[in-house]
Amino acid sequence: MSVAMLLLLGGNAYAGAALAADPTDDPSPPPASEHHPHESSDGPSPPASHTPGGHATMQPDRIPPQDYATDAVARVEVAAHVDVAVHWDGMRQYHFKSLVDTTAGGTGVFVNPSGGLVTSAEAVELNQERVTVYAVNQAWHRVAGVPLPKNPYERMRVRDDPKLDAAVNSCYQPNSPKAECAVFITPEVRVHPYTAAKKPKALKAAVMSTSGGVAVLSVAAPGKTATVALAADPQADKTWTSVGWPATPVATARPATVQGRYDRQGAVSDQDKDIDKLRRHLGTGMPGSVLVNDRGAVTGMLSPADRSVDVLRPAQITAALDKSGMQAERGPGDSSMTNGLARYAKHEYRHAAPWLHSAAEDTGQGATAVRYHKAAHASTGKPNDMSDVADAHTGHDASGNSTNWALFGPLIGLTVLAVAGGVLFVLKRRRQGPADDTGPESPPRPTADPIAPTAMLAVGPAAGKRPPLAVTVPSESENHEQRATDRPESHQEDADRPAAQGTYCGNCGALLSPGDRFCFSCGTAFHGP
């Protein structure tokens, strides 16, 4: 296993421990702090106590539930392209582009990083009568100068010209045979993600299906998007935080949120009071707004109808996804965001910053990820940064590389020994090299009998720098002649050669060192003194 892989596993294990240690169901917002992006103006944070080492000992923060999900929460907008052909003193045609239906739209959440989004069915229902009235009024105002009503969505009345009044009013039912107009409507659904990009664009979406009150959309996202997790169905008395966008989100804005508890039937408790609060805070973003638990996972989706509000459960969302052929998935940016927030909550800003930066990059500059990354970067290395304290407890080095020398020290030692052994082996073989390197008083080196070629492994820094030793295999006639005449006997060589200069192997002719008991080239053993 590579060192990089071990470091990654160690970092993930540390993130898991951080997640398990986070606090729970208290829905109250955290106290303000000058470096926290989720701060409120309710009051200052408690002062931090300092240790002798110069680092503050600080209790972990509680990340607001909506901050886990807001980068995946988007505004859903419904518009229409309307063409009106008016038959009056000839035919004239008018095109009205992108008429937004302000009575439709709502909130949606991405459940798939490739652009899968869910919202309530009400959020994508275009009020065709409303946009028809608006377009017809504009067309007749241009054709015949009919005054526009104060409310552009009210029908016109031409009291002093009955013929013109009848022609105008016939156009409000364009499918009628007596209509003086032809009206063509092309609906369009647009999605506005919560992003810190300088020039965010509305994304076009196609409605894949609407079933069980849930609309499934496929959004033409340019890259990966942040997503929410679908939790289990709501449990009695568990807290929820609603998250929705009553207007187009911008990087400097925060989504509208409301907090409450589920009742014993899994609905919002105290229906009248809580519904009024939801309507007041969420406004036109109420359809499709999600209810999330303390970890930002969706436990319900709001589906308003008249004065009542239904809560669509995660199981209903999953069933609608199945019918549309889409699956709920999480992306790499979601994992980075979770890891970054876990470290941020523990005031480990140096550790959190790269995770949050990765989350922002992987999710198209999600505004929440960008905001947390800026705050973590600004606090890195300051006294309230607890990253060094965490390193001391986990064995990570100060640079954040998480190197555990107790583990890698022995491995490095073994590597050094292996390299040293290889170098010694190469030097030993070189000592057995050609006799041309010896002085003139040394006897000539006998030519060895042909042997099978042997491969030598170059180890360490010398590998690849020196040319390989040339091996010359003498012909059979040369071998026979040398064996008969030139090669001295081994016992004569031992008698004539001083002991300090070593001797030669009688079998293969390799140079031996004083005291060698066997030949390193051919393995012949010696039993002499």
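Side chains are part of it too, since the values below use all heavy atoms of this structure and drop only hydrogens, waters and symmetry mates.
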Report yes if some heavy atom in the side chain of S218 is under 4.5 Å from a heavy atom in the side chain of S324; otherwise report no.
no
Quick check on side-chain contact (heavy atoms from CB on, under 4.5 Å): which of I275, L282, V309 does P304 satisfy it with?
V309
Considering only heavy atoms from C-beta outward, does the side chain of L302 approach that of P287 to under 4.5 Å?
no
Can you confirm whether D274 sits close enough to R261 that some side-chain heavy atom of one is under 4.5 Å from a side-chain heavy atom of the other?
no
For D71 and T363, test the side chains for any donor-to-acceptor distance below 3.5 angstrom and give the result as yes or no.
no
So, H347 and Y349: side-chain donor and acceptor under 3.5 Å apart, yes or no?
yes
So OG1 of T103 and CD of E125: to nearest 0.5 Å the spacing works out to 10.0 Å
Any sub-3.5 Å donor-acceptor pair from Y172's side-chain atoms to M156's backbone N or O?
yes
d(L321 CG, E329 CD) to nearest 0.5 Å is 10.5 Å
Check the pair V268 / W240 against side-chain contact (heavy atoms from CB on, under 4.5 Å), numbers first and verdict last.
CA-CA 9 Å; V268 291; W240 50 260; 3.7 Å; yes
What I want to find out is whether R130 reaches E154 closely enough, with some N-O distance under 4.0 Å, to be called a salt bridge.
no
Does anything in residues 193-209 form a side-chain hydrogen bond (donor to acceptor under 3.5 Å, both in side chains)? List the pairs, not counting sequence neighbours.
Y194-R371
Report yes or no: do E122 and S303 form a side-chain donor-acceptor pair below 3.5 Å?
yes
With no hydrogens and no angle check, just 3.5 Å: does a side-chain donor-acceptor pair link R295 and Y68?
yes
Quick check: closest heavy atoms across T107 and S289, and the distance to 0.1 Å?
OG1-OG, 3.5 Å
Check: E77 main-chain N/O paired with R190 side-chain donor or acceptor under 3.5 Å:
no
Given the options V136, T132, V183, V82 meets side-chain contact (heavy atoms from CB on, under 4.5 Å) only with V183
Test item: side-chain donor near acceptor, N151 and Y134, under 3.5 Å
no
Taking the side chain as everything from C-beta on, heavy atoms only, tell me whether T299 gets closer than 4.5 Å to D233.
no
Against R350, only a single residue in D385, D391, T380 fulfils side-chain hydrogen bond (donor to acceptor under 3.5 Å, both in side chains); can you say which?
D391
Does the plane of the ring in H377 sit parallel, tilted or perpendicular to the ring in H373? Use 30° and 60° as the thresholds.
parallel
Please step through salt bridge (Lys or Arg N to Asp or Glu O under 4.0 Å) for the pair R155 and E129, ending with a clear verdict.
CA-CA 11 Å; R155 298 184 178 188; E129 181 181 356; 3.5 Å; yes
For V111 and V228, what are the C-alpha separation, side-chain angles and deciding distance, and is it a side-chain contact (heavy atoms from CB on, under 4.5 Å)?
CA-CA 6 Å; V111 294; V228 295; 4.1 Å; yes
Suppose we screen for ring pair (Phe, Tyr, Trp, His ring centres under 6.0 Å). Which residues come up paired with F96, at least two apart in sequence or across chains?
none
